[in-house]
Amino acid sequence: MFKWLDPYAKPETLYRLCGLWFPWLMTAAFISLLIGMVWGLAFTPADYQQGDSYRIIHIHVPAAIWSMGAYSSMAIAALIALVWQVKAAQWAIGAIAPIGAVFTVIALFTGAAWGKPMWGTWWVWDARLTSELILLFLYLGVIALSGAFADRQTGAKASALLALVGVVNLPIIHFSVEWWNTLHQGATITKFAKPSIDASMLWPLLISILAFGLWLAALTCLRLKTAILQNEQHRPWVRQLVSSSLKSSVIKEG
Amino acid sequence: MVMFKAAFVREWRLLARQKADWLNPLMFFLIVLTLFPLGIGAKPNLLAEIAPGIIWIAALLSVLLGAERLFKDDFRQGVLEQLVAADEPMLFYVLAKIISSWCSTALPLLLISPLIALLLGLDATAWLAVLLTLLLGTPLLNLLAALGAALTLSADKGGILLALLILPLYIPLLIFASAAVDNASLGLDYSGQLAVLSAMLCLALALVPLAVLKALKLNVG
Amino acid sequence: MNPRRKQRLMAVSAILLLLSGAVGAMLYALQENVDLFYTPTQLLEGFGKDKIKPVPGQRLRIGGMVVPGSVKRDESTLKVSFDLVDTGPIVTVHYEGILPDLFREGQGIVAQGTLLDATNIEATEVLAKHDEEYMPPEVAEAMKGIKHVPPAKTYPGKTYPATSAPVAPAAAEVQQ
Amino acid sequence: MFEAVNLQLAAGQLLQIGGKNGAGKSSLLRILAGLARPDEGAVLWQHQPIDDSDFPQNLCFIGHLSGVQPQLTALEHLEFWQAAFGLQPADGYRVLATLGLAGLEDIPCQLLSAGQQRRVSLARLWLTQRLLWILDEPFTALDQSAIVLLQQKFTEHLSRGGAIILTTHQPLTQHFPEAQLLELAYRW
C-alpha cells in the first residue's frame, strides 16, 4: 500500500523537492496575491446592498477556505503518519499547523470587522463562528500537544491523533450555515449550483483564493524544509549538505 | 467481556479505596454553585436566568478535575504497558474506565440536581431540562475528558494541557445545553437541542473510545 | 469464528449503529428549528399547542419583517423604534444603539430583548442577516428590478445618516 | 541508541541481556516486546513480523514497572490478571503461599515491602501458559530465597519448551549453562 509514496517520504528527497518547489510557489503566490488584492480591493464594483464593506471577502473568504484546506491536509498527513509511520508526515503536521492557525485568525478577524457594520455585532455565538473558533483552538491544541512531551516522537503522534479527531469539525463548519438558522450567510461559490456572485467580483475572488492556496503551499514547503533539517541534523546527508554549502560560500568569498 | 468485568470490578475497588478521587470533584461542584449566588448577589430572577450556564460550567469543571487521574496510575504502575504488550482487548478496559468515571463523577450530579434547582431558584420545567441535558451531556464530558487524559498521559504538564485541549471541544455542548434550558425556561420547545446533544453523544460514543485506545498505545510505546 | 474476530465484528457493528444513531438524531434536530424565536403572531396569540404567551419582563427573541414607514428615530439620541410584522399582528421594538447596515424597511431582522407589555419589546440587540448574493448595483437593478433596494435608498449609507458606517457614503460617490 | 543487534532465540532457550546502565537494555526489551518500534530492522516471531503474527498472545511481559496498584490487595491483583490476561484459573491463595506471601493476601500492596511487591508482580508467571517471557530486571529487590524460587520457575518453563529474555546483572551461567548472553556496549 502507498508504495508510490515511499520515495517522497524519504527526508532527503522531500527536502530537495521542497527546495525545488518553494521559489516557484512563492513567486506565483506573490504575483497572484498582488493581482487579487489590487483588483478585488480597488477595482471591483461595490455591492448593491453592502456597498464597499463587502470587499473584505477578498481576504475573508480565501483565508477561511484555506484555514479548512490547511486542516484537511494536516489531517491527511496525520493519517499517513499514524498508519504508515512516515516520519516526514509527522513533520508536515508541525509545519502546517501554525500557518493554518494564522489563516484561521485572519478569517475570524476579518469576519468580525465585517460583521460589525453588516449584522450589527462583532461576534455572535452561532454555529459557523463558533465552529471556526474551535478550529483555531484545535490548531493551537495540535501545536501545544506536539511540544508537551519529553519524547518528541510521542508528541508528534499524539498531535497527529488530535488532528484526526478534530476532522469532525470540518463538515460542521462547512454545513453549519445550512443546518442552523445562523446569522452567517450561506455558501456563495462552494455550492454546487452556479455561484451567486457577479462575474466582475467572482474573478478577483477566485484569484485571491488561488493566491492564498499558493501561499499556504509555499510556506509549508519552507517550514517543512526547516523541520527536516532539524530532525535529521545528525544524518550524513545533512552534514554533507552543510559542508558543501560552506565550501561554496568560501569559494565565492575567495 | 471478561476483560470488561475485570476492569470494571478493579475500577470500583479503586474508587472505593480512593474516595477523594470522586468526592473532591463533587464537593468542588457544590462549592462553586454556592459561590455564584454570593458573588452576584441573590437576586432570584437573575439567578434563575443564569443558572443553566452556572450548572453546566460547574459540571464540566468538576469532570475535568477528576479527568487527569483516569489513566495516570495505571500508566505509572506499568499496568498499561503490560496490557498493550499482551494485546489484551483494551477497548473493554477503556469502556470500563469511562463508564465507571461517569458513574463516579456525573451520576452524583444528576442525583443532587433537584437540590441545585432549589438552590438557584429554577422552576420544575427548567429543572427537567437541566436534568435531561445533564443526562445526555455528561457522558460526552467524560468521553472527551478520557480522550484528553489519554492524549496527555506522558506529557510533562499533562493536567493544564488536558484542560486546554478539551475545554474548546466542550463549547458546542455548552451552547446547546444552555440553549435547551433557556428555551425551557421561556416555555419553548427544546427537543431540537436535545436531538443535537444525543447526536453528539452517539458520535462520541462511536469514535472516542477508539481514539482513546490509540492514544494510550502511543503514550506507552 | 474465533472469539477475537467475533469481538471485532461486534465492535464494528456497534460503531455503525451509533453512527447511524448520530445521523438520525441530527436529521431530526434539523427538522426542528433549533434557533427559535417568536414571531409577532406567536407573541400575541400564544405559542404551541397550549397557546403559551410570554409574560412581561421575560427575555425573548423576536423575528419578523420591518414594517415600511414605521421606523421612528429620536433626533438627539440613538433611540429608535420600529414595527415588526409576519402575517398579521404588529409589535413594536424599542432599541438604543447603532442599527446594522443591512437594516432595511421591508427586510427580516431578529431582535433580542425583554418584553415590556403585550406588544412592546425593549431590544438589547438587533441583528440583520444578509444573503449570499453579491453583485454591483446596476446588475441588481437589471436582474431583480430594485427589489432589494427601496427607491429612496439606493445607497445604504444615505438612508440612515445618524447610524451608517462612514464608508458607505463614500461608496455612493464612487458609484456616481 | 544501539546499532547492529542481531539475535535469534529458539524454544527452550534463555537469553540474558547485559550491559552497563544506560546501554539500552530496557529499550531493547521494549522493542522486542513490540511496545516500541525500531528505527531500522524488524523483530520476527516464527519468521513473521510481530505485528502480523500471534506474537502478543504468546508473550508475557513484565517491565521494570511492576504493575502493582498500591491500593489493591495481592489477591485482587491475581483476580484481575486472571481475568484480564486470560491466565489459568488457579487457587490464588496457593500461588501466593508458594511465593511466601501467605497471610498477606488481603493487605493493600502499599503496605508490603518492595521485595514482596515484586513477588506479587511475578506471581503472574505461575499462572501463565505463554511461551515467551520478557522480563526487565526480575531479580530486583528479591531476597535469596525468592531468587532461587524464580530460577526454579525459569528452569521449569524452559524444560516445557518456553523461552525467556531477561535483563539482569546477576550471573546466571551456573544455573543455566545453556543461556545466551548478549552484552550491549555503550556507544559514546
Problem - Which atoms of B:L83 approach chain D - backbone, side chain, both or neither, heavy atom under 4.5 Å - result: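 Looking at B:L83, backbone and side chain both touch chain D.
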Handout entry: Contacting moiety of B:F75, where chain D heavy atoms sit under 4.5 Å
Key = backbone
Handout entry: Among the listed options B:K217, B:R10, B:M3, B:K5, the residue most often paired with chain D at heavy-atom distances under 4.5 Å
Key = B:R10
Between chain B and each of [options], count heavy-atom pairs under 4.5 Å; write down the option with the most.
options	value
D:S121, D:P108, D:P70	D:P70
D:L72, D:N58, D:L65	D:L65
D:H64, D:Q69, D:R30, D:E79	D:Q69

Problem - Any donor-acceptor N or O pair under 3.5 Å, side chains B:W102, B:T138 - result: yes
Practice task
Please confirm whether the backbone N or O of D:S26 pairs with a side-chain atom of D:D136, one donor and one acceptor, at under 3.5 Å?
Solution key: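 Flag not set: sc D:D136 to bb D:S26 has no pair under 3.5 Å.
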Fill in the blank from the handout: Tested for side chain to side chain contact (heavy atoms under 4.5 Å, CB included) against B:L141, the lone hit among B:T105, B:L109, B:V63 is B:V63
Problem - Passing option when B:L132 is tested against B:L197, B:V181, B:L194 for side chain to side chain contact (heavy atoms under 4.5 Å, CB included) - result: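 Filter result, single survivor: B:L194.
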Exercise for the section: Salt-bridge test for D:D143 and D:R119: reply yes if a basic N is under 4.0 Å from a carboxylate O, no otherwise. Expected result: yes
Problem - Side chain / backbone / both / neither for D:I62 at chain B, heavy atoms under 4.5 Å - result: both
Practice task
Just say parallel, tilted or perpendicular for the rings of D:F154 and D:F139, cut-offs at 30° and 60°.
Solution key: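 Judged by the thresholds at 30° and 60°, the geometry between D:F154 and D:F139 is perpendicular.
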